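All values reported here derive from a predicted model rather than from experimental measurement. First listed ligand is number 1; within each ligand, the first listed atom is number 1. Scope of the values below: all heavy atoms of this structure, side chains included, with no hydrogens, waters or symmetry mates.
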Amino acid sequence: MVIFMQEELNTLKEEALNLLESVDSLEKLDEIRIKFLGKKGKITSVLKSLGSVAPEERKTIGMAANEIRGKVEAIIEKKKEELKLKEIEQKMFNEKIDISITQNDARTYGHKHPLSIVIDDMKEIFLGMGYSIAEGPEIETTFFNFDALNAPIDHPSRDLQDTMYITEDIVLRTQTSSVQVRAMLDKKPPIKVISPGRVYRSDSVDATHSPMFHQVEGLVIDKHISMADLKGTLDIFAKKYFGPKTQIRFRPHHFPFTEPSCEVDVSCFVCGGKGCKTCKGEGWIEILGAGMVHPNVLKAGGIDPKEYQGFAFGMGVERIAMTKFGVSDLRYLYENDVRFLNQF
Ligand code: PHE
């Protein structure tokens, strides 16, 4: 009996140790525990059957069985710790975020709108010539938009068809010239400012018209300012902006707020004046209106025309952007289609 039980115990021990050797999960480990040490486990059964063993042999068998139980228990505990640790490591490995992964949805960066490119380039040229930036509101009084600019109440530009009125004496400014008198009231001469911004006219949208567009105004007031200063300034601007070979041309014109007034063309920067698609065969491209500030405007700005003179000019930004970038339809500039905008 003893020999038989001893052998059985040895086989049990070997079986348990073998199984424990190759165990690779906590569930399997628990299965082994139940198989040998559970209520109906193999080792437990041996211990339970000790009662039927002859008393003199009980001690030997009991000790052997207890020793095996202790050993198996110890190994199970040790394996349990090992497997738990392994499980955590595995979990951490699976949850690891691979920060080295290459992104296929790589970020795309925006860039300046063509109108902003033109305005910023213009600003840079004039700031380089010592000008500063002046600002005025887009919602403007008829005083700054018309009266102070020597445009009397019956002037055609004051017609409802041309101007968007908010009330009888508040409009959406039709020109950045409205900043002229504001600048004069704001500081004493010498004044040397440019004022870029939006202007509004009661036009319907088509390839060359929009109820909102942009202008860059220029104003210089000082002693002994003449048309020669205007010409020199615009010549430098044209050469810097359109290229060193650019020529300028003054044509007589009329604005209520300048006297004399002119429109200014630049020689075509594509064909150099021979005539091409860009200049529509003219050789010249109209870029702005200008003139010597009218004495009435100086007076409205609190400046004595006998002491000071000045010149002013106003450029249409869209027109310049369209010729410079070869844009055939004004509407492209406002549609914000990235396929269009990405070209500049
Ligand atoms: N304000 C004029 C326009 O809208 C342009 C201009 C500005 C002309 C300054 C002369 C002097 O067309």
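- Residues Phe313 and Phe257 keep their aromatic ring centres 6.0 Å or farther apart.
- No donor-acceptor contact under 3.5 angstrom links the side chains of Thr174 and Asp162, judged on distance only.
- Using a 3.5 Å distance cut-off with no hydrogens or angles, the side chains of Thr176 and Glu217 do pair a donor with an acceptor.
- In this structure, Ser261 falls outside the shell of residues with a heavy atom less than 4.0 angstrom from ligand 1.
- The shortest N or O to N or O distance between Ser177 and ligand 1 is below 3.5 Å.
- Judged by the 6.0 Å and 45° rule, Lys231 forms a cation-pi pair with Phe250.
- For the pair Leu149/Phe144, no side-chain contact is recorded, criterion being any heavy-atom separation below 4.5 Å from C-beta on.
- For ligand 1 and Gln180, the ligand atoms under 4.0 Å from any heavy atom of the residue are 9 (C).
- In this comparison of Phe311, Phe313, Phe257, the heavy atom closest to atom 2 (C) of ligand 1 sits on Phe257.
- Among protein heavy atoms, atom 7 (C) of ligand 1 sits closest to Gly314 N, 3.3 Å.
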TODO: Give the C-alpha distance, both sets of side-chain angles, the deciding distance and a yes or no for side-chain contact (heavy atoms from CB on, under 4.5 Å) between Glu135 and Val179.
DONE: CA-CA 7 Å; Glu135 278 183 17; Val179 183; over 6 Å; no
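- At least one N/O-N/O distance between Gln175 and ligand 1 falls below 3.5 Å.
- Lys324 forms a cation-pi arrangement with Tyr241, by the criterion of a distance under 6.0 Å to the ring centre and an angle within 45° of the ring axis.
- Follow the hydrophobic side-chain contacts under 4.5 Å out from Val118 and you reach Leu288 in the same cluster.
- A donor atom on one side chain and an acceptor atom on the other are found under 3.5 Å apart for Glu318 and Tyr334.
- Of the candidates Gly289, Ser178, Ser157, it is Gly289 that places a heavy atom closest to atom 8 (C) of ligand 1.
- Here the protein heavy atom with the shortest distance to atom 12 (O) of ligand 1 is Phe255 CE2, 3.9 Å.
- Taking distance alone, with nitrogen or oxygen atoms compared against 3.5 Å, Thr258 stays at or beyond that limit from ligand 1.
- A heavy-atom separation below 4.0 Å is found between Gln215 and ligand 1.
- On a distance-only criterion, Glu217 and ligand 1 share no N/O pair closer than 3.5 Å.
- Under 4.0 Å from ligand 1, the heavy atoms of Arg201 that appear belong solely to its side chain.
- Heavy atoms of Arg173 come nearer than 4.0 angstrom to ligand 1 in no pair at all.
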